[in-house]
Amino acid sequence: MKNKFIILSILSLFITSCSISNPLKKESKIIAKDCPQSLILYEARTFDFDDAIVELPTGYDLSCYLIEQEGVVEISTNYSLNVHLKEKEKEIYQVDLIIFVTDKSEEIIFEEFRFPKELNIQNEKQKNLVFNFTDRIKIDSDIYNSGIKLYYALN
């Protein structure tokens, strides 16, 4: 009888502890969103060093998610930077990817994000190299919902 009581007590404690939600634990709700229009600024899509050209090709991917708890939309960008070597004089090239967030009319720049990139040239024989990156930005959901555009540039 004692064993049954102990087993039932433990079992009931286990069941009630699993069914009661923890009030201290806050769950963040993440919702997929349609991504805004995005463009690469033509004049700033390449950066010419004397011995190499770094290019931001147009084949990039965007993913957009509303993070309700934080009140922001996170935009994840997967992109590549192509390096075309003329001569190998340096082993490291440094460029900044810049993302401008504007309103739909392109009159107001809400934010500017800079992502410094260090491109290490390790293979001396290759003249064309591809470096893949993923960067994330967060935009206030009210600004996002008012309508934005994204512009990409190299500097």
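Throughout, numbering of the chain's residues begins at 1 and tracks the sequence. The figures here come from the full heavy-atom set of this structure, side chains too, leaving out hydrogens, waters and symmetry mates.
Residues Val54 and Phe49 approach most closely at CG2-CE1, 3.7 Å, considering heavy atoms. Looking at every heavy atom in both residues, Pro57 comes nearest to Ser80 through CD-O, 3.1 Å. Listed here is the closest heavy atom pair of Asp96 and Pro116: OD1-CA, 3.2 Å. Counting all heavy atoms, side chain and backbone alike, Lys138 lies closest to Glu111 at O-OE2, 4.0 Å. For Ile139 against Val101, the heavy-atom pair with the smallest separation is CD1-CG2, 3.6 Å.
Taking the side chain as every heavy atom from C-beta outward, Tyr79 and Asp135 approach each other to under 4.5 Å. Contact of the Asn132 side chain with the Asn78 side chain is not registered, since no non-hydrogen atoms from C-beta on lie closer than 4.5 Å. With contacts defined as side-chain heavy-atom distances shorter than 4.5 Å, the pair Cys64/Pro36 qualifies. Within the 4.5 Å cutoff, side-chain heavy atoms of Ile75 are placed close to those of Leu150.
There is a path of hydrophobic side-chain contacts, each under 4.5 Å, that joins Val73 to Phe113. There is a path of hydrophobic side-chain contacts, each under 4.5 Å, that joins Ile30 to Val72. Under a hydrophobic-cluster definition in which Ile, Leu, Val, Met, Phe, Trp and Tyr are linked whenever side-chain heavy atoms come within less than 4.5 Å, directly or via other members, Ile148 and Leu62 are assigned to the same cluster. Hydrophobic cluster membership is shared by Ile137 and Leu56, with clusters built from Ile, Leu, Val, Met, Phe, Trp and Tyr side chains linked at under 4.5 angstrom.
Within the model, atoms CZ of Phe131 and CD of Glu118 stand 10.5 Å from one another, a figure rounded to the nearest 0.5 Å. Considering CZ of Phe100 and CG of Leu41, their distance stands at 6.5 Å, rounded to 0.5 Å. Interatomic distance, OG1 of Thr58 versus CZ of Arg45, reported as 7.5 Å (0.5 Å rounding). Interatomic distance, OG of Ser141 versus CG of Leu66, reported as 6.0 Å (0.5 Å rounding). Here the CG-CG distance, from Leu97 to Leu81, works out to 7.0 Å after rounding to the nearest 0.5 Å. Distance check, rounded to the nearest 0.5 Å: CZ of Arg136 to OG of Ser63 gives 8.5 Å.
At most 12 heavy atoms of other shown residues, nucleotides or ligands fall within 6.0 angstrom of atom OH in Tyr65.
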In sequence, state the C-alpha distance, the side-chain angles, and the governing distance for Phe115 and Ile98, and then conclude on side chain to side chain contact (heavy atoms under 4.5 Å, CB included).
CA-CA 6 Å; Phe115 299 97; Ile98 305 171; over 6 Å; no
For Tyr93 and Asn120, what are the C-alpha separation, side-chain angles and deciding distance, and is it a side chain to side chain donor-acceptor pair (under 3.5 Å)?
CA-CA 7 Å; Tyr93 293 92; Asn120 284 324; over 6 Å; no
Verdict with supporting geometry, Lys33 and Asn145, side chain to side chain contact (heavy atoms under 4.5 Å, CB included):
CA-CA 10 Å; Lys33 300 277 287 178; Asn145 291 334; 3.3 Å; yes
Test side chain to side chain donor-acceptor pair (under 3.5 Å) on Thr77 and Tyr152; report intermediate values, then the result.
CA-CA 11 Å; Thr77 304; Tyr152 295 81; 3.0 Å; yes
Take Glu106 and Lys104 through the test salt bridge (Lys or Arg N to Asp or Glu O under 4.0 Å) and record every step on the way to the result.
CA-CA 5 Å; Glu106 303 168 12; Lys104 278 191 171 183; over 6 Å; no
Please test Glu68 against Ile31 for side chain to side chain contact (heavy atoms under 4.5 Å, CB included), starting from the C-alpha separation and ending with a verdict.
CA-CA 8 Å; Glu68 276 190 340; Ile31 301 168; 3.5 Å; yes
Verdict with reasoning, Lys86 to Asp51, per salt bridge (Lys or Arg N to Asp or Glu O under 4.0 Å):
CA-CA 5 Å; Lys86 299 174 189 172; Asp51 57 341; over 6 Å; no
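In summary, the side chains of Tyr60 and Ser38 do present a donor paired with an acceptor at a separation below 3.5 Å, with no hydrogens or angles considered.
For the pair Asp142 (side chain) and Ser146 (backbone), a donor-acceptor distance under 3.5 Å is absent. With Thr46 contributing its side chain and Glu55 its backbone, the two residues share no donor-acceptor pair below 3.5 Å. Counting only distance, with no hydrogens or angles, the side chain of Asp103 and the backbone of Ile108 share a donor-acceptor pair below 3.5 Å.
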